[in-house]
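This is the structure I have questions about; it appears just below.
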Amino acid sequence: MTYSEMANENGSLNSKPPRDTKGKIITCKAAVAYGPGEPFVVEEILVHPPQKFEVRVKILYTSICHTDLSAWRGENESQRAYPRILGHEASGIVESVGEGVSEVEEGDTVVPIFNGECGECCYCKCEKSNMCERYGVNPMKKVMEGDGRSRFSTVDGKPIFHFLNTSTFSEYTVVDSACVVKFRHSDHTLTTKNLTLLSCGVSTGVGAAWNTANVHSGSSVAVFGLGAVGLAVAEGARARGASRIIGVDINPDKFIKAKAMGVTDFINPKDEEKPLYEIIRKMTDGGVDYSFECTGNGNVLRDAFLAAHAGWGLTVILGIHASPNLLPIHPMELFNGRSIVGSVFGGFKGKSQLPHFATQCGNGVVKLDNFITHELPIEEIDKAFDLLITGKSLRCLLHF
């Protein structure tokens, strides 16, 4: 039985990986991006040992998010860096740790996080923020924080760049200790597969509803874009007791699954002639209490903002918007009492708050099973991207 099969069978493991690789360079499989929109190359690469305050993780499952899609396409030119190992949503087992690492050890079940938490900087100590001065999300960053070098290389020694503090499209990856969260099996009942979802999409969506917006019972909500993040927003709003959750998407196939996650009303923009915000205002007697934009489209963002109720409506931005696009709102429109805010990782402080969130998910507060729609080997990563692009998958788990 392979280690991945063991993890699949047991749900969560706290045992040592099957080979003694500590302190050695590991040769393993990875999906490498060599240029914008080019097919991934699944090849053998070298993964170097973790240095001070770093952790090397054996990835059991990884999945694809729209952020990976945007980076693969190279939509923001300033963020392009190749060759690169993308991926930032995963679960795995600690293979080894570098000097000074005490919070995790070999064999621990962990989830890498793209928005780290050092626990010491002014951001980490501020209750109002989940940013981190050194290890926060940074799409421009392509090397390790400690020495400015990569831990990946081709078999002939050429560097391969890192991505979003994580680089999970590799059988082994190296992350800063601030960017990895330990999960004790005694604290939750989630499978390793479901833990993968907490690494980005579900935490981002549910957290946006809980932490950023603080959706209240009996409120009205509109979610623009019913991908995994948008449906996680709906699931979070449902868990908070929202009385009406309006889902907006151009793909009618998503409506059936969305209904199971709490969405009460559906709007397909292709079927409507009037602006979406006018339709939603009419449906909700003036607008919703909370509006969530999950598409990365400026026109949709404007509709989401105007669909929020004047006087108190809040719009939360979750979509990834390409540069050099600016906010499609005139400053004077904010004087109508609507407000707008962005949300990173759902406002969760990863290391200190994700374990409790896992417990809540395990207790059924948030339902995770519906998010995983496909599973494929890493060799079929291009197919997995096609499933996401065509709207046929929410989360496709990849395994090595």
(request) Measure the spacing between OG1 of Thr109 and CD1 of Ile93 and express it to the nearest 0.5 Å. (result) 4.0 Å

(message) So for atom NZ, which belongs to Lys259, do other residues, nucleotides or ligands contribute more than 12 heavy atoms lying within a distance under 6.0 Å?
(response) no

(message) Other residues, nucleotides and ligands only: do more than 12 of their heavy atoms fall within 6.0 Å of CG on Asp271?
(response) yes

(message) Measuring from atom CG of Leu86 to atom OG1 of Thr168, what distance do you get when rounded to the nearest 0.5 angstrom?
(response) 9.0 Å

(request) Take the angle between the ring planes of Trp72 and Phe385 and call it parallel below 30°, perpendicular above 60°, tilted in between. (result) tilted

(message) To the closest 0.5 Å, what do you measure between CZ (Phe169) and CZ (Phe40)?
(response) 5.5 Å

(message) Could you measure the distance from the CG atom of Leu197 to the CZ atom of Phe371? Nearest 0.5 Å is fine.
(response) 7.5 Å

(request) Give the cluster check for Leu46 versus Val41: same hydrophobic cluster or not, with ILVMFWY residues linked at side-chain heavy-atom distances below 4.5 Å. (result) no

(request) Mind listing the closest non-hydrogen atom pair of Pro159 and Pro83 along with its distance? (result) O-CG, 3.8 Å

(request) May I ask you to check whether Phe266 and Phe255 place their ring centres under 6.0 Å from each other? (result) yes

(message) Please determine whether a side-chain nitrogen of the Lys or Arg among Glu333 and Arg302 lies less than 4.0 Å from a carboxylate oxygen of the Asp or Glu.
(response) yes

(message) When you measure from the side chain of Asn165 to the backbone of Phe114, do you find a donor-acceptor pair of N or O atoms at a distance under 3.5 Å?
(response) yes

(message) Under 3.5 Å, is there a donor on one side chain and an acceptor on the other for Glu293 and Thr295?
(response) yes

(message) Any carboxylate oxygen within less than 4.0 angstrom of a Lys/Arg side-chain nitrogen, looking at Lys182 and Glu105?
(response) no

(message) Does this structure show an ion pair linking Glu120 with Arg134, if we count only N-O contacts that are shorter than 4.0 Å?
(response) no

(request) State whether the side chain of Thr196 and the backbone N or O of Leu397 hold a donor-acceptor pair below 3.5 Å, judged by distance alone. (result) no

(request) Verify, without hydrogens or angle tests, whether Arg281 (side chain) and Gly287 (backbone) share a donor-acceptor contact under 3.5 angstrom. (result) no

(message) Check whether Glu54 reaches the backbone of Gln51 with its side chain - one donor and one acceptor, N or O, closer than 3.5 Å.
(response) yes

(request) Look at atom CD1 of Ile250 and say whether more than 12 heavy atoms of other residues, nucleotides or ligands are closer to it than 6.0 Å. (result) no

(message) Once you measure the plane-to-plane angle for His309 and Trp312, does it fall in the parallel (<30°), tilted (30-60°) or perpendicular (>60°) bin?
(response) parallel

(request) Inspect the surroundings of NZ in Lys141 and state if more than 12 heavy atoms from other residues, nucleotides or ligands are less than 6.0 Å away. (result) yes

(request) List the atom of Gly227, the atom of Asp249, and the distance in Å for their closest heavy-atom pair. (result) N-OD2, 4.4 Å

(message) Between Lys274 and Glu272, does any NZ, NE, NH1 or NH2 come within less than 4.0 Å of an OD or OE carboxylate oxygen?
(response) no

(message) Hydrogens and angles aside, do Thr27 and Glu44 bring a side-chain donor and acceptor to less than 3.5 Å of each other?
(response) no

(request) Give a yes or no on whether a salt bridge exists between Lys22 and Glu106, defined as a side-chain N under 4.0 angstrom from a carboxylate O. (result) no

(message) Please check this pair: side chain of Ser199 against backbone of Leu195, looking for a donor-acceptor N/O pair closer than 3.5 Å.
(response) no

(message) Keeping Thr284 on the side-chain end and Ile280 on the backbone end, is there a donor-acceptor pair under 3.5 Å?
(response) yes

(message) Under 6.0 Å between ring centres: does that hold for Phe224 and Phe292?
(response) no

(message) Is there a path of hydrophobic side-chain contacts, each under 4.5 Å between heavy atoms of I/L/V/M/F/W/Y residues, joining Ile381 to Phe161?
(response) no

(message) Any side-chain to backbone donor/acceptor pair from Lys142 onto Tyr82? Under 3.5 Å, distance only.
(response) no

(message) If we ignore hydrogens and angles and just use 3.5 Å, is the side chain of Thr166 paired with the main-chain N or O of Ile113 as donor and acceptor?
(response) no

(request) For atom NE2 of His216, decide whether the heavy atoms of other residues, nucleotides or ligands shown that lie under 6.0 angstrom number more than 12. (result) yes

(message) Strictly distance-based, threshold 3.5 Å: is any side-chain N or O of Glu117 a donor or acceptor partner for the main-chain N or O of Ser352?
(response) yes

(message) Name the residue from Lys29, Lys58, Arg56 that meets the salt bridge (charged side-chain N to carboxylate O under 4.0 Å, His left out) definition with Glu171.
(response) Lys58

(message) Using modelled atom types and a 3.5 Å cut-off, is there a donor and acceptor pairing between side-chain atoms of Ser291 and backbone atoms of Ala304?
(response) yes

